[in-house]
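Computed from a predicted structure; not experimentally measured. Labels below follow one simple rule: chain letters A, B, ... track the order of the sequence lines, proteins then strands, and each chain is numbered from 1.
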Number of protein chains: 2
Amino acid sequence: MALEHAILVSLLEKPGSGYELARRFERSIGYFWTATHQQIYRVLKRMESDGLLAVRALPQQSRPDKKEYSVVGPGRAALSQWLHEPIEPESIRHELAVKIRGAAFDDPSVLIREVERHRQVHSDRLAHYLAGELRDFTGPTALTPLDAGQELQHVVLRGGIAFERMTIAWLDDVLETLRRLGTPHPDS
Amino acid sequence: MALEHAILVSLLEKPGSGYELARRFERSIGYFWTATHQQIYRVLKRMESDGLLAVRALPQQSRPDKKEYSVVGPGRAALSQWLHEPIEPESIRHELAVKIRGAAFDDPSVLIREVERHRQVHSDRLAHYLAGELRDFTGPTALTPLDAGQELQHVVLRGGIAFERMTIAWLDDVLETLRRLGTPHPDS
DNA sequence: CTTGGCTATGCAACGAGTTGCATAGCAGGA
DNA sequence: TCCTGCTATGCAACTCGTTGCATAGCCAAG
């Protein structure tokens, strides 16, 4: 159900089409909640028929109409209500961790390349987040002072940065452990 | 599909019934991959009919038979094959982050209690992980030296510990930000 | 003595999320 | 010229995961 609320937040920040939302979900919002265009279109349709959103068809030349969605009263109320409800603290769901434990029953060296690849992805993501932070929040071109919405966006981004840094450090720990296990114990 | 592989790893570490697996998923394995008993029973049944697992019915007095599952050849092969396949590095899916950005459109103070509650949960989890680490890996009663499987379990647990520490620090950052926004800006 | 919790398994229905495919014209590179 | 990729939307089929419920006897607490 959180996709609905993520969409409400995103559309409150700025109205847009399903396609635009899908691209936002590849960027800022999607740093902590992913969604494909399929899900988004389906949920948008449902939310509109539930009266949470309003559509405005923008005709375009030689393309299907762009449907711009925006939040209306009941949508805002639904978001507000959700914000007042407690949610379950979530646990990590880390497939790689399953693989690491599984490596005990297979050649650990095949995992090393996989872990290195993941490390690279997280390292790239970190660089991407840091560039975004510099551009929007801490760099010379950033607006000062920031308004409340921007402060909140920044603290969420700091969470993403902290997550990637932690993950990279852990993957280094994993690599060291795998390499240690790969070499026949040197002290016996 | 990762549940299947998590079950294979867990059953290779030690055979057991669906019920026992469900409880392991509340403990060690479940620190990074959650599953309810429903999913587990369903998947066990499918895996058995696919020939990945063998069942042995252990009769018990005044209780339904316990079905002890163990991994057989094709199951081991399936795990091994999966370990050689690359997986997508996963992103976080953090509902709380959606709420935090949503707080820009509502009273931020209602979020403070929620964030404090989450902080408490993560703090409890950290204590739980640290107790497990002391018991199984770093304490005086731990076996030394550890075998490869235990080393890998330990490095995964260290990942859980790092995750909880990072999360707690971030939630403190969030709380500070929310409180700062709650007080009317003191310098103007 | 009754209520709730534990072991142990399972069905049914639903909602969330993924994957493959389809349309359709335009722009840019090999 | 053909192929790829972008904008923009959508259907269909599937798997994954959650929730509610059911059985059934045992044990401990109130």
| task | Would you indicate, yes or no, if C/dT9 has its OP1 or OP2 atom less than 4.0 angstrom from a side-chain nitrogen or oxygen of B/Y19? | result | no
| request: Quick one: closest heavy-atom pair of A/R117 and B/P89, and the distance? | output: NH1-CD, 4.4 Å
| message | Rounded to whole Å, how long is the line connecting atom CG of A/L44 with atom P of D/dC11? | response | 13 Å
| said: Taking A/R158 first and then A/E133, would you say they form a salt bridge - that is, a charged N and a carboxylate O separated by under 4.0 Å? | reply: no
| said: If you only use heavy atoms from C-beta on, which nucleotide in C/dA16, D/dT7, D/dT19 is closest to the side chain of B/T36? | reply: D/dT19
| request: Could you state the atom-to-atom distance from CZ of A/R56 to P of D/dT9 in whole Å? | output: 13 Å
| query | Would you call A/E116-A/R179 a salt bridge at under 4.0 Å N-O? | reply | yes
| message | For B/F32 versus A/A97, what's the shortest heavy-atom pair and its separation? | response | CD1-CB, 3.4 Å
| said: What is the separation between atom CD1 on A/I40 and atom P on D/dA8, rounded to the nearest whole Å? | reply: 14 Å
Extract all donor-acceptor atom pairs below 3.5 Å that involve side chains of residues 46-58 of chain B and protein atoms in other chains or at least two apart in sequence.
{"residue": "B/R46", "atom": "NH2", "partner": "B/E4", "partner atom": "OE1", "Å": "2.4"}
{"residue": "B/S49", "atom": "OG", "partner": "B/R46", "partner atom": "O", "Å": "3.1"}
{"residue": "B/R56", "atom": "NH2", "partner": "B/E68", "partner atom": "OE1", "Å": "2.8"}

| message | Let's see if you get this right: which residues in residues 26-34 of chain A place a heavy atom under 4.0 Å from DNA chain D? | response | none
| message | From C-beta outward on B/R93, which listed nucleotide comes closest to its side chain: D/dA8, C/dG17, C/dA8? | response | C/dG17
| task | Using atom CG of A/L3 as one end and atom P of D/dC16 as the other, report the distance to the nearest whole Å. | result | 20 Å
| For B/E20 and B/R42, take the nucleotide of DNA chain C holding the closest heavy atom to each; which residue's nucleotide lies nearer the 5' end? | B/E20
| message | Just N and O in the side chain of B/Y41: are any of them under 4.0 Å from OP1 or OP2 of C/dT9? | response | yes
| task | Specify the separation, in whole Å, of atom NZ of B/K67 and atom C1' of C/dT7. | result | 15 Å
| Does the side chain of B/V72 reach to within under 4.5 Å of the side chain of B/R76, using non-hydrogen atoms? | no
| Atom pair distance, as rounded to whole Å: CD1 in A/I7 and P in C/dG17 | 10 Å
| task | Figure out the CD/C1' separation between A/Q39 and D/dA12, and round it to whole Å. | result | 16 Å
| message | Rounding to an integer number of Å, can you tell me how far B/H37 NE2 sits from C/dC6 P? | response | 14 Å
| message | Regarding C/dG17, can its base be found pairing with the side chain of A/Q38 as donor and acceptor, where the two atoms are less than 3.5 Å apart? | response | no
| Presence of salt bridge, A/K14 and A/E20, under 4.0 angstrom | no
| request: Kindly say if A/K66 contacts the phosphate of D/dT9, meaning a side-chain N or O under 4.0 Å from OP1 or OP2. | output: no
